[in-house]
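Right, one structure below, let's go through it.
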Amino acid sequence: MSAKIKRIGVLTSGGDAPGMNPCIRAVVRTGLFNNCEVIGIRDGYAGLLSGSFEVLEARQVGGIIQRGGTMLGTARSPEMYEEAGQRAALQALRQHEIDGLIVIGGDGSMRGGLALAERGVPVVGIPGSIDNDMWGTNMAIGVDTALNTLCDAIDKLRDTASSHRRAFLVETMGRNCGYLALMAGVIGGAEVILIPEAPSTIEKVAEALVGAYQRGKTHSIVVVSEGSNIKVAELAQHLEELGVGFSTRMTILGHIQRGGRPSAFDRLLATRLGVKAVDALLAGHSNVMVGLRGRDIDLVPLADVVSRQREANLEYYEMAKMLAF
Ligand code: F6P
C-alpha cells in the first residue's frame, strides 16, 4: 500500500451517466475505510480549476445509490485540453494537498486525467458514459440503464406504430459510436439500424421498409444513431416523399437517455469500479483506468484508453438484419 495517499480527490466529468452516484458512494466509503480523507470536487475539472472542493463524509453519500445524475455535478471543460488549464489544475490539486485523484467520466475526462498523471499526480480513471465508446472496458457506467430506457421507449413507440401502421424513426445518442443504437435495435426488434460503423443510403432504408410493408408488417422501427451518415430529419422527409407504404414519424430521444435510476447492473458495476479504483490508487497505481474485462475488473493504461475507440460489433448488425425478416 502506498504510504503517500492520505487525501483522495474525486470528480465526475463530461456527460453524466446513471450510476455515477453509486460510484461516488463506493469511492468515498472505500477511502474512509482505508483511513483516507475524501474530497469531492464539484462540476468536474471546472470545479477543480475554480477550487470548488468539499470534504465528503460517509453520511453525505447516503441515499444516493438509487439516484441518477451525479451529486457532484459535472461539466465539459475545454480548458483541460490546453497546457495552461492542465498546469492550473495541477496547482489546485497541490494547493489542496490532494495526493491522488479519481476521475469518473468518458473519453475526454480520461484525457484530462492522463495529462495530470503525466505531470506527476496519481490518477485512476473510472469509465462513465452512456455511449460505450471507451476502450478498455466492456461496459461503462450508465450504458445498461440507457439501454433499458431505449428498450422501454421503443416498446412504447411500437405500440402506437402498430395501431397506425406507421414507421417510426428513433434517434439515439452515442456521438460517433453506434453501440447504443445497435444494441437498442437488437433488443427493440428494429427493422433497420443506422450506425456510423455501417454507412447506408436513404434508398436502402426505403427498400427495407417497402419490403417490410409488403410482407405484412404492421409497423417498422428504424433506429438511427446520432452519428450515422444519414440524419433522422432528412430521412423522415425523404421517406414521406418516396412513399414506402407506412406513413412515418420521427422521435429524437435525446437526454432522456442520460437520466433515470441506475439499473441493478449499473449499480453493481459502479460499486465494483469505485472500490477497485481506490484500491488501485492506494496500491500505488497511477495513470490507469479500471475497466470490466470478462467478469473481472482490470487496470488499463490511460494512454491506451484515449488512443483507441471502441467500435460497435458488426456481428450484431448482421444478426439484427437477419431477424428483421
Ligand atoms: O457522451 C454522452 C453524450 O450524451 C453523447 O451521446 C451526446 O452526443 C453528448 O453527450 C451530448 O452532450 P451534451 O449533454 O453536452 O449536449
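When a ligand or atom number is given, it counts from 1 through the structure's own listing order.
- Under the rule for a side chain to side chain donor-acceptor pair (under 3.5 Å), the partners of K156 that lie at least two apart in sequence or sit in another chain are D152.
- Within 4.0 Å of ligand 1, the residues that place a heavy atom are R76, D131, M173, G174, R175, E226, H255, R258, listed by chain and number.
- One N or O on the side chain of Q257 and one on the backbone of G254 form a donor-acceptor pair closer than 3.5 Å.
- Residues passing the side chain to side chain contact (heavy atoms under 4.5 Å, CB included) test with P122, sequence neighbours excluded: I5, L281, S286.
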Give every donor-acceptor pair under 3.5 Å between a side-chain atom in residues 314-325 and any protein atom, sequence neighbours left out.
none

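- Of the options N148, T271, T145, a side chain to side chain donor-acceptor pair (under 3.5 Å) to D266 is made by T145 and by none of the others.
- With hydrogens and angles disregarded, a donor-acceptor distance shorter than 3.5 Å links the side chain of R310 to the backbone of T137.
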